[in-house]
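Just follow the structure's listing: the first ligand is 1, and inside any ligand the first atom is 1. No hydrogens, no waters, no symmetry mates; every other heavy atom, side chains included, goes into these values.
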Amino acid sequence: MKVEFLPSTVGTPATKQFCISAVVNDTIAIDAGSIGLLWPVEKQLQIRHVFLSHSHLDHIASLPLFLDNVYRLGPDCPAVYACEATIKCLREDVFNDRLWPDFIRLSEEESPFLQLQTLKPEVPVKLHGLTVTPIPLNHIVPTMGFILQDAESTVAVVSDTSPTHRIWEVLAATKNLRAVILDCSFPNSHRWLADKSGHLCPELFADEIQRLPESVHVIAYHLKPCFFSEIEHELKAIRRDNLEIGVTGREYVF
Ligand SMILES: [Zn+2]
Ligand SMILES: [Zn+2]
């Protein structure tokens with residue numbers, strides 16, 4: 001399974017993500033922070049399935065642009081998967097003709113821009129040899145983590161979240177767990193903000209990963225760029241092999 005964390009900057013490539021998105025096997029996006037900015041546009045055209053963890057802007061910012069960029073006349077269009085609360089937000093707050101044309105209504109009347117699919121907790125979606133299982137996390141709006149499985153490996157994307165429980169239970173019973181990509185948004189000095197906004201800081205992150213076998217590769221994700229060095233320093237102090245900070249633009253193969 002190939003996973004790439006997408007860059008979200010203009011100009012010099014950066015290691016930090018301002019907007020959140022990852023692409024799996026070139027065709028499946030986990031969040032849509034910057035998929036609509038990918039160049040060449042053929043890279044956008046390859047993405048046929050978009051899973052949204054939740055409705056926050058850093059995860060959906062470029063979705064309207066992406067759908068516009070890949071639109072073609074005909075019945076073929078990308079599928080967008082999200083929980084009920086996120087779909088409600090897309091309908092009422094994004095595709096409402098004010099912020100952006102109502103692609104959802106237009107998709108019912110003309111050649112579709114997108115096909116919306118509602119995710120139910122723990123109900124897997126099967127696509128091209130990959131199974132994606134959404135598991136509710138613990139954030140300030142309804143949010144799904146994703147367990148990605150192919151014949152050889154299992155990888156979990158666990159963001160955005162504060163301390164959580166169910167996904168660790170499910171992963172404990174899952175075969176071939178290779179990697180967990182986990183929220184670590186704030187430094188320990190801002191634990192108050194992590195608590196209030198539903199995120200992790202390194203000391204909370206360390207508690208969460210204690211539930212994972214040592215062999216599992218842990219990748220810190222969703223680091224706020226303005227605190228990057230402080231979080232990096234604190235993550236280095238966690239004694240664990242196989243722990244690293246996710247690097248944008250690098251292809252991870254699990
Ligand atoms: Zn969020
Ligand atoms: Zn976020």
Side-chain angles (χ1 to χ4, degrees), residues 3-9 14-24 28-38 50-66 80-94 99 119 121 132 134-148 155-167 180-188 190-202 204-205 208-209 218-228 230-232 234-235 245-249:
V3 179
E4 183 185 353
F5 306 126
L6 296 186
S8 54
T9 48
T15 53
K16 302 166 183 70
Q17 276 185 317
F18 299 109
C19 290
I20 305 300
S21 35
V23 175
V24 182
I28 296 162
I30 304 294
D31 287 321
S34 52
I35 58 173
L37 308 175
L38 274 172
V50 181
F51 288 80
L52 300 176
S53 60
H54 64 301
S55 57
H56 283 162
L57 200 61
D58 52 335
H59 300 254
I60 66 162
S62 76
L63 180 69
L65 308 176
F66 164 75
V80 176
Y81 305 77
C83 69
E84 217 165 283
T86 302
I87 288 181
K88 185 171 186 285
C89 173
L90 293 179
R91 287 184 184 280
E92 294 177 4
D93 303 326
V94 180
L99 197 67
L119 293 173
V132 182
I135 310 283
L137 301 178
N138 191 15
H139 192 38
I140 53 170
V141 293
T143 299
M144 295 291 191
F146 296 107
I147 298 177
L148 316 169
V155 174
V157 182
V158 188
S159 187
D160 298 359
T161 196
S162 54
T164 189
H165 182 67
R166 180 61 186 153
I167 198 159
V180 169
I181 296 157
L182 178 61
D183 182 315
C184 193
S185 296
F186 294 106
N188 291 329
H190 285 65
R191 181 172 170 161
W192 64 272
L193 188 51
D195 290 342
K196 282 185 191 292
S197 60
H199 287 290
L200 298 175
C201 59
L204 295 170
F205 182 97
E208 295 301 294
I209 63 175
V218 176
I219 299 176
Y221 193 49
H222 201 276
L223 281 71
K224 295 284 180 187
C226 57
F227 298 119
F228 194 92
E230 202 177 338
I231 303 169
E232 185 180 37
E234 290 169 354
L235 284 171
I245 294 170
V247 177
T248 58

Distance-only, no hydrogens or angles: does the Asp58 side chain make a donor-acceptor pair with backbone N or O of Ile20 under 3.5 Å?
no
Hey, is there an N, O or S on His56 sitting under 2.8 Å from the Zn ion (ligand 1)?
yes
Between Asp160 and the Zn ion (ligand 1), is there a contact where an N/O/S atom of the residue lies under 2.8 Å from the metal?
yes
Assess His59: does it contribute an N, O or S atom lying under 2.8 Å from the Zn ion (ligand 2)?
yes
Would you say Ser162's side chain and Asp195's backbone share a donor-acceptor pair under 3.5 angstrom?
no
When rounded to the nearest 0.5 angstrom, what distance separates CD1 in Ile181 from NE2 in His222?
13.5 Å
Main chain of Ala32, side chain of Ser62: is a donor-acceptor contact present, judged purely on distance under 3.5 Å?
yes
Side chain of Asp183, backbone of His199: donor and acceptor closer than 3.5 Å?
no
Do you see an N/O/S atom of His222, backbone or side chain, under 2.8 Å from the Zn ion (ligand 2)?
yes
Does the shortest distance from the Zn ion (ligand 2) to an N/O/S atom of Asp183 fall below 2.8 Å?
no
With rounding to the nearest 0.5 angstrom, report the CD1 to CG distance, Ile35 to Leu63.
6.0 Å
May I have the angle between His139 NE2 and His54 NE2 with its vertex at the Zn ion (ligand 1), rounded to 10°?
100°
To the Zn ion (ligand 2), the closest N, O or S atom belonging to Asp58 is OD2
